[in-house]
Novice: 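First the structure, which I've put down as structure tokens, then a few questions once you've had a look.
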Amino acid sequence: MTTNGMSNLVPAPVSVVPKDGSFGLSATTRIYVEPNTPELLAVGQYLADKLKVGTGFPLPVAATAGAPCAGNLYLTTVDADASLGAEGYQLDIGSDGVRLRAPQPAGLFRGLQTLRQLLPASAEMSSVQSGPFGLPAGTIRDFPRFAWRGTMLDVARHFFTVSDVQRLIDLAALYKLNTFHLHLSDDQGFRIAIDSWPNLTTKGGSTAVGGGAGGFYSKADYSALVSYAAARYITIVPEIDLPGHTNAALASYAELNCNNTAPNLRTDTDVGYSSLCTRSDTTYRFVNDVVRELAAITPGSYVHLGGDEAKATTVEDFQYFFGKAQTSVTAVNKRLIGWDALGQLTSLPAGTVVQFWTSGDHARTAVSLGAKLLMSPANKAYLDMQYDKTTPLGQHWAGYINEQTGYEWDPATIVDGVSEANIVGIEAPLWTEYLTKPADLEYMMFPRLPGYAEIGWSKAEGRNWNEYKVRIGAHGPRLRALKVNFYQSSAIPWL
Ligand code: TNX
């Protein structure tokens with residue numbers, strides 16, 4: 001039986017013990033789940049749907065009580081090792097069958113990504129392949145280093161449709177990411193419908209960088225993204241960037257401006273010129289309505305209120321603004337997340353996450369105010385940076401970030417004085433001033449995103465580029481099977 005081996009997994013698991021032999025998927029293989037819950041049946045069905053087309057096998061999903069007979073896949077939370085935690089799992093593959101155990105359904109889902117990667121890439125092609133579809137025998141025990149492993153898409157500078165975003169969510173799931181941050185508003189566009197302030201999208205969503213048609217998500221669209229992500233155990237974190245980066249909102253409602261005059265919509269890429277009127281009650285009615293409506297369709301714990309580059313807001317006004325805006329978040333039982341400019345505040349609500357991208361000073365202050373850091377250092381983790389001088393897409397204000405630079409850093413050693421205990425995890429943001437189509441997004445994300453996923457999931461000890469580049473190179477056939485438009489850098493020995 002040809003198999004893909006156990007050595008090419010990304011992110012690298014905590015422990016892998018290969019054994020002799022293999023298990024072959026066949027036309028009679030069934031997927032059994034225990035206990036019999038809609039959630040576990042859905043997890044089983046997710047796997048069946050991924051593999052049915054390429055293998056041509058029916059892979060029926062059913063519940064079982066006790067281990068099924070030989071020749072099948074068994075996914076269960078029964079008798080799992082609780083110390084594996086919220087997303088950990090143990091995968092045992094023998095010639096007689098496959099057993100995946102996890103204390104939580106999320107762990108089963110993460111374990112299925114491992115199972116997918118152990119199969120030949122052809123299993124995920126969009127037409128029936130001849131096989132064989134073998135899984136190498138052995139045992140994998142695995143759990144993540146960080147609780148928050150994510151990416152971000154800026155849908156404000158250029159808009160991307162629900163299905164464009166779902167495709168990226170699905171690709172993120174393959175590498176065990178668990179959060180997807182949507183940057184829903186900026187100077188050039190406001191992209192989420194708010195019933196009490198309809199012009200935000202009818203006017204504020206009507207264009208984009210370069211003057212294109214823009215677009216926005218209805219609440220039903222947004223909910224479709226939330227549930228698509230939830231089915232992959234990925235939490236959507238919505239961002240409304242305030243009080244700067246707000247020209248689209250200011251252009252939509254004159255009363256949000258201190259001079260009561262709406263500016264024109266903007267389609268250029270300047271930053272730092274816009275601000276809500278921080279001393280006006282209307283502003284806080286607006287913030288409260290937006291946060292309340294957004295929170296009502298966001299099951300995740302966090303609402304991101306931006307805060308970055310508010311250069312047209314004085315520090316006093318910035319502090320006054322967030323003093324009020326944060327209460328809109330806590331009033332609906334959500335937690336605040338914002339960019340590292342929140343380090344200019346003098347207090348933060350309990351449970352706040354501050355996203356480091358540029359300022360160590362602000363990040364340290366935020367930690368001293370009780371926040372945890374989400375690490376997105378621009379010079380290491382910004383997916384909109386060019387790979388190098390020769391690659392066509394992206395910018396380089398924070399430097400060139402080739403696959404090696406993107407991989408060779410550790411979240412715990414970026415900000416002096418901030419240790420691992422103060423860090424919730426890692427996010428790689430994709431800003432879209434200069435990215436206009438889904439193929440561009442894939443080119444910037446792949447192959448760097450799997451590297452960020454590994455930084456977030458795998459142990460720091462022993463991570464090294466020369467080993468990793470071979471491992472990620474083995475994902476070439478898989479990315480091709482999934483029709484990902486990835487950058488085929490010559491630094492990686494692609495299979
Ligand atoms: C900085 S990161 C920004 C964004 C830009 C990005 C481009 C951050 C909080 N602000 O407004 O899109 O650089 O790389």
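Source: prediction; values computed, not measured. When a ligand or atom number is given, it counts from 1 through the structure's own listing order.
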Novice: Could you establish whether Q355 and ligand 1 come within less than 4.0 Å of each other, counting only heavy atoms on the residue side?
Specialist: no

Novice: Does a side chain donor of either S196 or E293 reach within less than 3.5 Å of an acceptor in the other side chain?
Specialist: yes

Novice: Among all the protein's non-hydrogen atoms, which is closest to atom 11 (O) of ligand 1, and how far away is it?
Specialist: R157 NH2, 3.0 Å

Novice: If we count only N and O atoms by modelled type, under 3.5 Å, do the side chains of Q344 and H362 hold a donor and an acceptor together?
Specialist: no

Novice: Considering only protein heavy atoms, which is closest to atom 8 (C) of ligand 1, and at what distance to one decimal place?
Specialist: D308 OD2, 3.1 Å

Novice: Is there a donor-acceptor contact under 3.5 Å linking the side chains of Q188 and R266?
Specialist: no

Novice: Carefully, step by step, assess T391 and Y443 under the rule side chain to side chain donor-acceptor pair (under 3.5 Å).
Specialist: CA-CA 10 Å; T391 53; Y443 182 87; 4.9 Å; no

Novice: Taking only heavy atoms of Q395, which atoms of ligand 1 are found under 4.0 Å from at least one of them?
Specialist: 7 (C), 14 (O)

Novice: Just need the protein heavy atom nearest to atom 1 (C) of ligand 1, so name the residue and atom and give the distance.
Specialist: W357 CZ3, 3.6 Å

Novice: Side-chain donor-acceptor pair under 3.5 Å between E255 and T282, yes or no?
Specialist: no

Novice: If you have a sec, work out which protein heavy atom is nearest atom 3 (C) of ligand 1 and how many Å separate them, to one decimal?
Specialist: E309 OE1, 3.6 Å

Novice: For atom 14 (O) of ligand 1, find the nearest protein heavy atom and state the residue, atom name and distance (0.1 Å precision).
Specialist: D384 OD2, 2.6 Å

Novice: Going by the atom numbers of ligand 1, which of them fall below 4.0 Å from some non-hydrogen atom of M385?
Specialist: 14 (O)

Novice: How about CG on N464, more than 12 heavy atoms from neighbouring residues, nucleotides or ligands closer than 6.0 Å, or not?
Specialist: yes

Novice: Ignoring hydrogens and angles, state whether a donor on the side chain of Y175 or H475 is under 3.5 Å from an acceptor on the partner side chain.
Specialist: yes

Novice: If hydrogens are left out, which of W397, Y382, W339, Y434 has an atom nearest to atom 2 (S) of ligand 1, that is, the closest non-hydrogen atom?
Specialist: Y382

Novice: What residue and atom, counting heavy atoms only, is the protein's closest point to atom 5 (C) of ligand 1, and at what distance?
Specialist: E433 OE2, 3.3 Å

